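These notes are about the structure you will find just below.
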Amino acid sequence: MKRIAILTSGGDASTMNKCLSTFVTYANENNCEIYFIFNGYKGLYNNEIFKANYPETKSWWDLPGSKIFSSRFTDILKEEVQKQMVNNLKNAGIDYLVVIGGDGSYKGAKLLSTHGVNVFCLPGTIDNDVSSSTYSIGFDTCLNVVVNSIKQIKSCMNSHATIAMVEIMGRHCIDLTVFAGIATEADIIITPESFYSPQELVNKINEKRKTNKRGLIILYVENFLGRDGIPSVQEYISYISSHSKESVKLNVLGYTQRGGQPTAMDLVRASMMVLKVYELINNNQSNKIIGNNEFEILSFDIESGLAMENPSRKELIEKFFK
């Protein structure tokens with residue numbers, strides 16, 4: 001019987017627990033035993049490896065977050081730390097390591113694979129920044145949370161004819177901002193691919209006011225404004241206030257975006273990706289990144305998967321926001 005150890009790494013995503021539940025559900029028929037590594041790579045270094053409690057885990061399928069917890073552990077870059085992790089896996093008799101996380105987590109898995117660890121990577125991230133997957137598991141759930149939040153904000157802005165500037169998560173990936181803007185018919189989005197200076201933004205607001213006399217919604221991606229010489233969001237708001245008669249309200253959605261109840265599409269994608277891992281194990285394959293193209297589940301060698309680039313959203317922005 002083959003032993004699979006699973007860890008969740010980096011920022012949590014709502015369908016991580018669904019992956020754990022599905023691994024347990026199909027373990028016996030694939031002649032596998034499931035072990036959990038608590039607290040991500042940090043837990044692997046500290047040897048926090050435990051056999052999964054199958055009945056308990058099967059009840060996690062619709063819970064957000066990660067019941068085996070997560071962490072960001074930069075010490076994995078150190079050779080001696082990697083060796084300790086490998087020794088812990090060997091001593092526990094682990095045959096395969098499954099890493100659920102984003103691009104940074106994948107890079108950690110690649111490092112361990114160079115020491116002989118058989119790894120699989122699943123794209124568990126709300127940002128949709130894993131280039132080998134059209135949609136990461138967790139993205140659809142987060143997008144729905146964002147859209148519902150914008151709907152609530154929009155009703156208030158309409159009541160008072162004010163402007164809302166809404167910060168959306170995503171780090172270096174703008175998909176949440178772009179897709180949420182399309183879904184909610186936001187008036188303006190600010191991203192590296194759709195940038196406005198404060199003066200240009202005022203001009204854009206004045207243009208929008210020709211057809212929209214009530215609430216205006218401006219979405220902007222996090223970690224963009226206020227960096228690399230770009231004015232901060234507060235500077236934008238001050239400029240708008242001093243160069244127009246507009247009232248601007250700042251809304252930072254923050255960690256509410258991570259805690260949504262998993263959507264049906266995320267649950268389905270997670271289940272299909274887990275079964276792809278079992279298929280590869282049964283075919284004696286490893287060191288693979290699991291991705292998707294809509295409903296088609298794909299796998300890539302870890303080297304080629306990491307080398308892929310995220311697609312530009314410029315065409316979508318041109319269609320919906322220009």
Side-chain angles (χ1 to χ4, degrees), residues 11-15 64 102-103 123-131 133-159 162-196 201 204-205 208 211-212 214-227 230 233 236-237 240 248-267 269 292 294 310-322:
D12 59 291
S14 281
T15 39
D103 187 63
T125 167
I126 66 168
D127 299 333
N128 209 38
D129 61 347
V130 177
S131 52
S133 204
T134 303
Y135 298 112
S136 61
I137 45 181
F139 173 72
D140 187 61
T141 298
C142 181
L143 180 60
N144 276 270
V145 171
V146 172
V147 166
N148 286 331
S149 296
I150 293 170
K151 286 163 60 178
Q152 294 169 353
I153 292 168
K154 199 169 187 175
S155 66
C156 183
M157 297 303 104
N158 284 339
S159 297
T162 52
I163 296 174
M165 289 194 69
V166 185
E167 181 182 283
I168 309 297
M169 280 185 171
R171 297 203 303 168
H172 307 298
C173 183
I174 65 174
D175 282 11
L176 279 171
T177 303
V178 174
F179 282 67
I182 294 171
T184 62
E185 299 184 3
D187 297 281
I188 303 167
I189 66 170
I190 301 175
T191 74
E193 293 187 355
S194 52
F195 174 70
Y196 299 93
L201 185 57
K204 189 71 173 177
I205 289 169
K208 289 290 181 179
T211 55
N212 184 356
R214 303 309 302 174
L216 288 180
I217 301 296
I218 301 173
L219 309 182
Y220 68 96
V221 66
E222 68 171 350
N223 294 331
F224 179 52
L225 301 185
R227 300 191 176 196
I230 297 172
V233 65
Y236 271 87
I237 292 172
I240 295 168
V248 185
K249 308 298 181 183
L250 176 61
N251 295 261
V252 178
L253 301 186
Y255 287 96
T256 60
Q257 295 165 92
R258 290 198 181 277
Q261 200 73 19
T263 62
M265 283 309 308
D266 265 343
L267 295 172
R269 288 182 182 127
N292 66 56
E294 294 295 342
N310 288 319
S312 169
R313 299 304 184 190
K314 203 162 187 178
E315 185 177 344
L316 277 177
I317 293 169
E318 290 288 340
K319 283 183 179 179
F320 289 94
F321 299 104
K322 293 295 185 181

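Small disclaimer: the values here were computed from a predicted structure and weren't measured.
- Looking at heavy atoms from C-beta onward, V233 lies out of side-chain contact with E167 at the 4.5 angstrom threshold.
- Within the 4.5 Å cutoff, the side chain of L219 has no heavy atoms near those of the V146 side chain.
- Shown here are the side chain to side chain donor-acceptor pair (under 3.5 Å) partners of S133, two or more places apart in sequence or in another chain: N292.
- Taking all atoms of both residues into account, the shortest heavy-atom contact from R214 to S159 is NH2-O, 3.2 Å.
- To the nearest 0.5 Å, atoms CD1 (I126) and OG1 (T15) are separated by 11.0 Å.
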Solution key, residues 248-255 side-chain donor-acceptor pairs under 3.5 Å, sequence neighbours excluded:
residue, atom, partner, partner atom, Å
N251, ND2, K249, O, 3.2

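- Across G124 and A13, no two heavy atoms sit closer than the pair C-CB, 3.8 Å.
- By the 4.5 Å heavy-atom criterion applied to side chains, I182 and K319 are not counted as neighbours.
- Partners of T191 by side chain to side chain donor-acceptor pair (under 3.5 Å), not counting sequence neighbours, listed by chain and number: S194.
- Put simply, the side chain of N212 gets close to the backbone of G215: a donor and an acceptor are under 3.5 Å apart.
- Taken to the nearest 0.5 Å, the CE atom of M265 stands 10.0 Å off from the CG atom of L267.
- Nearest heavy atoms, T125 versus V130: CG2-CG2, 3.7 Å.
- S155 contributes a side-chain N or O that, together with a main-chain N or O of Q152, makes up a donor-acceptor pair within less than 3.5 Å.
- Taking K204 as the reference, I188, Y196, E207, K208 meet the side-chain contact (heavy atoms from CB on, under 4.5 Å) condition, with sequence neighbours excluded.
- I174 has its side chain out of reach of I189: every pair of non-hydrogen atoms, C-beta onward, lies at least 4.5 Å apart.
- Between I240 atom CD1 and I205 atom CD1 the span is 4.0 Å, to the nearest 0.5 Å.
- The side-chain heavy atoms of C142 and R258, taken from C-beta on, include no pair separated by under 4.5 Å.
- Considering all non-hydrogen atoms of both residues, P262 and T141 come closest at CA-OG1, 3.3 Å.
- A search for side-chain contact (heavy atoms from CB on, under 4.5 Å) contacts involving N128 returns Y135, S136, F139, D175, R313, not counting sequence neighbours.
- Note that the CG atom of D266 and the OG atom of S14 stand 7.5 Å from one another [nearest 0.5 Å].
- Here the CG atom belonging to L143 is positioned 8.0 Å from the CZ atom belonging to F179, to the nearest 0.5 angstrom.
- Here OG1 of T162 is found 8.0 Å from CD1 of I217. Values are rounded to the nearest 0.5 Å.
- With hydrogens and angles left out, the side-chain atoms of T263 and D140 include a donor and acceptor closer than 3.5 Å.
- Partners of S312 by side-chain contact (heavy atoms from CB on, under 4.5 Å), not counting sequence neighbours, listed by chain and number: E193, K314.
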Using the side-chain contact (heavy atoms from CB on, under 4.5 Å) rule, take F195 and I230 through it: C-alpha gap first, then chi angles, then the decisive distance, then the call. CA-CA 10 Å; F195 174 70; I230 297 172; 3.7 Å; yes
